[in-house]
Amino acid sequence: MSDRYEPKQIEPRWQQLWARERTWEVSNEDDGREASYVLEMLPYPSGEPHIGHLKVYSVGDAIAHFRRRNGHKVLHPLGYDAFGLPAENHAIRTGQHPRESTESSIAEFQRQFRSWGISIDWSREFGTHEPSYYRWTQWLFLRLFEAGLAYRKEAAVNWCPKDATVLANEQVIDGRCERCGTVVEKRDLEQWFFSILQYADRLLEDLETIDWPAHVKTMQRNWIGRSEGARVSFNCVALDTDYEVFTTRPDTLWGATFFVMAPEHPDVTRLSDSPEVDEYVRRALTESAEERGAEDKEKTGVALGATVTNPVNGEAIPMYVADYVLMEYGTGAIMAVPAHDERDHEFAVKHGLEIRRVVDGGELPYAGDGPLVDSGPFTGRPNREALAEIIEWLGAEGRGEPAVNYRLRDWLLSRQRYWGCPIPVVHCPTDGIVAVPDDQLPVELPDVEDYAPKGRSPLAAAEEWVNTTCPTCGGPARRETDTMDTFVDSSWYFLRYTDARNDQAPWDRAAADMWMPVDQYIGGVEHAILHLMYARFFVKALADLDLVGVQEPFARLFTQGMVTRDGAKMSKSKGNVVSPRDLVDSHGADTARCYILYVGHPAEGGDWSDEGIEGIHRFLSRLWRAADGMEQGPIEPAGDPSALVRKAHWAIDKVTRDLGERFATHTSIAAVIEVVNDLYRDRDAVDPSHARFAVATAASLIFPFAPHLGSEIYEQLTGERVWEQPWPEADPALLASETFELIVQVNGKLIDRVDAPAGVESDEQERLARASERLEARLDGREIMKTVVVPGRLVNFVVK
RNA sequence: GCGGAUGUGGCGGAAUCGGUAGACGCGCCGGCUUUAGGUGCCGGUGGCCGCAAGGCCGUGGGGGUUCGAGUCCCUCCAUCCGCACCA
């Protein structure tokens with residue numbers, strides 16, 4: 001053994017041992033231990049791992065190790081989210097098959113993940129692009145299809161002209177494609193959808209049952225966007241048609257002074273053939289979502305020259321077409337109440353329309369509550385109370401009913417792209433859409449010459465593959481050429497890990513029941529909506545099909561903060577990227593892992609500092625040198641416990657609570673540093689057996705963060721494998737010290753500190769405080785009005 | 001605009017239940033070791049006044065509750081994140 005800490009010699013040895021002995025593999029057999037499922041979000045293998053990957057696995061691995069040593073049987077698997085656009089775009093540029101580039105990235109990820117020493121059950125590893133995986137993605141799609149939860153319909157969908165594919169609502173950020181930033185267009189296309197909207201209420205209610213960060217729950221609630229109100233019919237005499245609107249404020253019906261339709265509303269052109277309307281609609285439709293949604297956009301619109309009848313007072317109110325009304329929400333038409341809605345107010349002012357107050361209160365537009373005015377039979381009633389009665393009254397008249405609306409839309413899952421899971425259906429001229437029978441799965445992705453999207457899936461060019469026979473009638477039929485959104489792949493992967501090698505079923509029910517739900521899920525907050533909402537929907541749908549026994553996939557969620565450098569996000573363009581590979585090369589995996597967990601609480605962002613990592617490296621070196629020369633033998637401290645032994649017990653208690661209860665990895669590591677510092681300071685005075693105990697304890701406590709060094713030192717001192725040892729327990733008797741520093745205050749200000757015996761009586765504690773010389777000087781003869789004694793802590797004298 | 005979070009030394013951060021503000025690390029200063037640099041080890045390090053003893057100030061600003069506030073309440077400011085014409 002050299003006299004220097006050499007991670008390059010220590011780390012590979014342990015990694016090889018763990019691989020050879022398959023240390024982190026777990027079986028699905030019940031062995032009496034509590035089953036615990038710790039999972040980091042599935043990585044997308046592109047290029048090589050970045051610092052965010054190092055962080056998520058450093059956090060997750062610490063939790064997995066901590067649980068194992070606390071008696072849990074831990075499932076901690078890993079795989080790859082291998083389908084997707086970057087690999088395909090790379091293929092378009094270079095002609096290299098996406099499978100090749102993806103698999104070489106996966107190989108690099110595997111190599112680096114192993115070099116980090118994370119405790120993964122590699123026997124359950126897979127990529128979502130492997131036919132043995134996507135066979136079951138297709139199988140699950142068919143179960144949802146049979147249940148009516150996957151369907152095809154024509155709709156105005158988001159189209160990214162650059163990526164030449166449709167996008168889900170969730171993938172459009174500020175009117176732009178999430179991936180490439182191109183302004184998206186609306187196109188009417190027939191597409192596949194999942195009925196996530198049907199699950200909106202359950203997705204909302206069950207948030208109560210899971211332990212997730214509040215802000216993530218809030219984001220999901222806002223995204224679902226549930227609004228309660230009423231659907232109300234307005235009759236249009238000219239066309240003899242009833243138009244329904246959705247409103248959350250039926251109490252303001254008496255204040256409705258006009259009626260507005262979205263430009264996309266099919267009846268707009270029937271209601272008016274004026275060139276002005278025609279021109280307005282045409283312009284609105286060519287505008288991008290971004291332009292139309294611009295913050296300070298004026299409220300434009302054109303009168304349709306027709307009227308509708310307000311059902312509550314029989315009044316004829318004018319109809320308009322205006323682009324501030326959206327076709328996708330509600331019914332594509334609204335009743336406008338300018339006195340009590342900001343947008344309607346703005347429109348009314350601009351177009352000189354009547355503004356009629358019906359709720360008493362502040363300045364118009366007034367969206368608050370108050371007594372109703374000018375509201376027929378409801379005049380004088382508090383608006384909130386009247387609201388329900390108005391809905392009831394509308395119901396009796398046949399003019400309305402209670403209604404709930406959601407912001408959430410059904411999940412558009414088809415993509416006109418190559419590198420994804422084929423949708424397993426065929427189109428038959430006789431039988432229509434026909435599911436591919438289960439025994440013909442997987443429908444394998446064929447090889448093609450040209451990956452470039454041309455407004456239809458590149459798969460359409462694989463004629464031999466496309467032309468097939470109908471499973472129902474045996475006649476000629478064509479395969480579906482769209483592929484699935486990659487979020488489908490990642491909506492069930494955590495179930496596959498429970499039984500990853502099963503070729504008879506996606507998973508064995510008993511295996512899934514044993515492990516699910518994931519006890520601790522760890523990942524970036526950027527998936528707060530997309531992945532986390534889709535996976536929740538999938539599990540609920542699968543529960544309804546009796547394929548799983550849980551309603552929620554992830555019982556607890558931990559969202560890690562982003563690692564920055566110089567306060568900025570790391571990016572190649574800024575040139576401030578820290579590569580995990582270089583770090584492991586220069587300092588070793590243990591140092592890299594510890595540093596990332598030490599800069600701050602892992603839920604917060606942390607700013608990378610090249611000097612900071614040296615500090616952690618120094619600490620691990622000091623720990624290593626403290627052990628250097630120590631022989632194998634017992635680690636129980638001999639004789640009376642010294643301050644150092646007490647300190648070690650204090651650290652055990654601190655790390656157990658910080659790591660176990662609040663994921664506070666930074667203060668956990670700081671506690672171990674303190675033990676090592678104390679040992680160095682006192683090393684000449686300390687009993688050798690106490691020093692051994694301190695070093696062994698430090699090794700045991702640092703193991704979840706620095707597994708190689710922890711194992712190395714622990715083995716050197718004890719001959720044992722630290723991961724097979726139970727998590728250490730602090731001796732409560734050694735946590736309580738015999739004396740404490742009694743704080744003496746005057747009016748809450750610190751005056752003096754005096755030594756006092758632990759467990760001292762209140763009277764005695766006060767007497768000790770009064771004896772302080774500095775107190776006397778400070779009181780300067782003033783009278784003590786009141787004395788506050790906090791046992792075991794302080795005495796506060798209130799004067800004057 | 002709505003919703004959420006955050007604000008503490010030169011820097012990252014700690015203070016977990018209203019009770020010693022600044023743990024731990026970086027940086028900086030000093031000492032020892034060393035031919036020297038580096039490494040290592042020891043000590044110091046919130047600001048101001050003071051030779052010292054000691055004193056005063058101090059957790060984004062202002063106000064409040066309390067014997068006592070970084071922590072609770074009100075208000076303002078700043079930064080970050082999410083949503084954004086959702087009727």
Side-chain angles (χ1 to χ4, degrees), chain A residues 4 173-174 213-223 225-227 229 245-249 252 260 262 292-297 299 322-326 328-337 340-344 346-347 405-408 525-526 528-529 561-562 564 567 595 598-601 604-616 618-619 621-622 625 654 657-658 661-662 664 666-674 677 680-681 683 740-753 774 777 784-790 792-799:
Chain A
R4 268 186 57 199
I173 311 293
D174 294 335
H215 67 281
V216 176
K217 290 189 182 183
T218 304
M219 279 163 74
Q220 291 219 344
R221 269 188 211 107
N222 293 342
W223 190 262
R226 185 181 199 274
S227 311
V245 302
F246 172 74
T247 176
T248 54
R249 296 293 305 277
T252 62
V260 191
R292 187 164 160 182
E295 198 173 338
D296 45 6
K297 187 166 192 286
K299 294 274 173 294
D323 66 3
Y324 80 92
V325 174
L326 308 175
E328 315 86 89
Y329 187 81
T331 61
I334 62 155
M335 68 172 203
V337 184
H340 304 293
D341 181 280
E342 208 176 303
R343 298 151 298 175
D344 297 344
E346 198 186 320
F347 189 87
N405 239 292
Y406 302 89
R407 211 189 85 106
L408 184 71
V525 73
E526 63 273 19
I529 294 171
M562 196 173 38
T564 56
Y595 178 63
Y598 180 69
V599 269
H601 192 285
E604 309 286 319
D607 203 57
W608 185 269
S609 137
D610 289 335
E611 292 81 41
I613 195 169
E614 299 299 338
I616 280 293
R618 213 166 322 190
F619 153 63
S621 304
R622 277 157 72 85
R625 279 197 308 270
K654 172 93 177 144
R657 286 183 297 113
D658 281 1
E661 291 164 23
R662 48 186 205 119
H666 59 328
T667 49
S668 297
I669 295 169
V672 185
I673 294 176
E674 286 196 49
N677 287 350
Y680 265 75
R681 206 167 296 129
R683 68 191 140 178
F740 72 97
E741 205 171 56
L742 172 62
I743 301 306
V744 183
Q745 293 181 335
V746 170
N747 291 344
K749 261 173 101 90
L750 176 79
I751 297 304
D752 201 1
R753 307 158 205 255
R774 297 174 61 146
I784 295 170
M785 316 284 291
K786 187 179 171 186
T787 307
V788 181
V789 178
V790 182
R793 224 177 248 284
L794 58 81
V795 178
N796 185 18
F797 297 102
V798 185
V799 302

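Chain naming here is simple, since letters A, B, ... match the order of the sequence lines and numbering starts at 1 in each. Atom set for the values below is all heavy atoms of this structure, side chains included, hydrogens, waters and symmetry mates excluded.
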Rounded to the Å, how far apart are A:Trp608 CH2 and B:C26 P?
-> 15 Å
Taking the C1' atom of each, how far is B:C72 from B:G30, in whole Å?
-> 44 Å
Please confirm whether the backbone N or O of A:Trp608 pairs with a side-chain atom of A:Tyr595, one donor and one acceptor, at under 3.5 Å?
-> no
Spacing of A:Tyr324 atom OH relative to B:C85 atom P, expressed in whole Å | 14 Å
Do the side chains of A:Thr252 and A:Asp341 get nearer than 4.5 Å, heavy atoms only?
-> no
When rounded to the nearest Å, what value does the distance between C1' atoms of B:G25 and B:A78 take?
-> 28 Å
Grab the CD-C1' distance between A:Glu614 and B:G40 for me, whole Å please.
-> 14 Å
Starting at CD1 of A:Ile669, measure out to CZ of A:Phe619 and round the result to the nearest 0.5 Å.
-> 7.5 Å
Does B:U39 have OP1 or OP2 sitting under 4.0 Å from an N or O in the side chain of A:Arg618?
-> no
Counting heavy atoms from C-beta on, name the nucleotide in B:U16, B:G40, B:A87 closest to the side chain of A:Thr248.
-> B:A87
Which nucleotide, B:C41, B:C24, B:U20, lies nearest any side-chain atom of A:Glu674?
-> B:C24
More than 12 heavy atoms of other groups within 6.0 Å of A:Arg793 CZ = no
Which way is the base of B:C81 turned, syn or anti, if we draw the line at 90° from 0?
-> anti
Taking the same atom, C1', in B:A5 and in B:G10, what whole-Å distance lies between them?
-> 26 Å
Using a 4.5 Å cut-off on heavy atoms from C-beta on, say whether the side chain of A:Asn747 contacts that of A:Val798.
-> yes
For atom C1', what is the distance between B:C76 and B:A52, given to the nearest Å?
-> 44 Å
Ignoring hydrogens and angles, tell me if any N or O in the side chain of A:Tyr680 forms a donor-acceptor pair with the backbone of A:Arg622 under 3.5 Å.
-> yes
Base of B:C67 paired with side chain of A:Asn796 (donor-acceptor, under 3.5 Å) | yes
Taking the side chain of A:Glu611 as its heavy atoms from C-beta onward, which of B:A87, B:C26, B:C85 lies nearest to it?
-> B:C26
So what does A:Leu794 touch, heavy atoms closer than 4.0 Å: a base, only the sugar-phosphate, or nothing?
-> base
Can you check the A:Gln220 CD to B:G82 C1' distance for me, whole Å?
-> 12 Å
Classify the nucleic acid contact of A:Val325 as base, sugar-phosphate or nothing, counting any heavy atom under 4.0 Å across all strands shown.
-> base
Closest nucleotide among B:U20, B:G40, B:G3 to the A:Asn222 side chain = B:G3
Residue A:Val788, side-chain heavy atoms: nucleotide from B:U20, B:C26, B:C67 that is nearest | B:C67
Is NZ or CZ of A:Lys299 both nearer than 6.0 Å to the six-membered ring centre of A:Tyr324 and within 45° of the ring axis?
-> yes
Please give, in whole Å, the distance from B:C2 C1' to A:Arg407 CZ?
-> 12 Å
Between atom CE in A:Met219 and atom P in B:G4, what is the gap in whole Å?
-> 14 Å
What interatomic distance, in whole Å, is found between P of B:G46 and the corresponding atom of B:U35?
-> 35 Å
Answer whether the closest heavy-atom distance between the side chains of A:Ile751 and A:Phe797 falls below 4.5 Å.
-> no
Would you mind calling B:G9 syn or anti? Take O4'-C1'-N9-C4 for purines or O4'-C1'-N1-C2 for pyrimidines, and syn is within 90° of 0.
-> syn
Partner set under side-chain hydrogen bond (donor to acceptor under 3.5 Å, both in side chains) for A:Ser227, not counting sequence neighbours | A:Tyr329
With sugar-phosphate meaning primed atoms plus P, OP1 and OP2, does A:Ser621 contact a base, only sugar-phosphate, or nothing at under 4.0 Å between heavy atoms?
-> nothing
Just jot down the side chain to side chain contact (heavy atoms under 4.5 Å, CB included) partners of A:Arg226, sequence neighbours excluded, or say none.
-> A:Asp201, A:Leu204, A:Glu228, A:Val404, A:Tyr406
5'-most by nearest nucleotide on RNA chain B - A:Ala670 or A:Phe797 = A:Ala670
All heavy atoms of A:Phe246 vs all of A:Gly330, minimum pair found to be CB-CA, 4.4 Å
In the 5'-to-3' direction, what one-character label does each nucleotide of nucleotides 50-60 of chain B receive under the scheme B = base within less than 4.0 Å of a protein heavy atom, S = sugar-phosphate only, - = no such atom?
-> ----SSSS---
Counting heavy atoms not belonging to A:Glu526, are there more than 12 under 6.0 Å from its CD?
-> yes
Whole-angstrom distance between B:U65 and B:A69, as gauged at atom P | 11 Å
Any side-chain N or O of A:Arg4 less than 4.0 Å from the OP1 or OP2 oxygen of B:G40?
-> no
For RNA chain B, consecutive-pair runs of 3 or more (Watson-Crick or G-U wobble, both H-bond-type distances under 3.5 Å) give B:1-7 with B:77-83, B:10-12 with B:24-26, B:27-32 with B:40-45, B:46-49 with B:54-57, B:60-64 with B:72-76
Pairwise N/O distances under 3.5 Å, protein to nucleotides 42-46 of chain B:
none

Does the side chain of A:Met335 reach to within under 4.5 Å of the side chain of A:Thr247, using non-hydrogen atoms?
-> yes
Inter-nucleotide C1' distance (B:A14, B:A21), Å rounded | 10 Å
Atom-to-atom span, CG of A:Leu408 to P of B:A84 - whole angstrom = 12 Å
Expected string for nucleotides 6-14 of chain B under the B/S/- scheme (protein heavy atoms, under 4.0 Å, primed atoms plus P, OP1, OP2 as sugar-phosphate) is ------BSS
Measure from CD1 on A:Ile529 to C1' on B:G4 and round the result to the nearest Å.
-> 13 Å
So which nucleotide from B:G19, B:G40, B:A21 ends up closest to the side chain of A:Val790?
-> B:G19
Pick the P atom in B:G63 and in B:C57, then give their distance to the nearest Å.
-> 15 Å
Check: A:Arg618 and A:Glu614 side chains under 4.5 Å, non-hydrogen atoms | yes
If you look at every heavy atom in A:Ala336 and A:Val260, which pair is closest and at what distance?
-> CB-CG2, 4.3 Å
Counting side-chain heavy atoms from C-beta on, which of B:A87, B:C85, B:C67 comes nearest to A:Lys299?
-> B:C85
Mind checking whether A:Val599 and A:Asp607 have side chains closer than 4.5 Å, heavy atoms only?
-> no
Minimal non-hydrogen separation, A:Ala671 against A:Lys654, with atom names = CB-CG, 3.6 Å
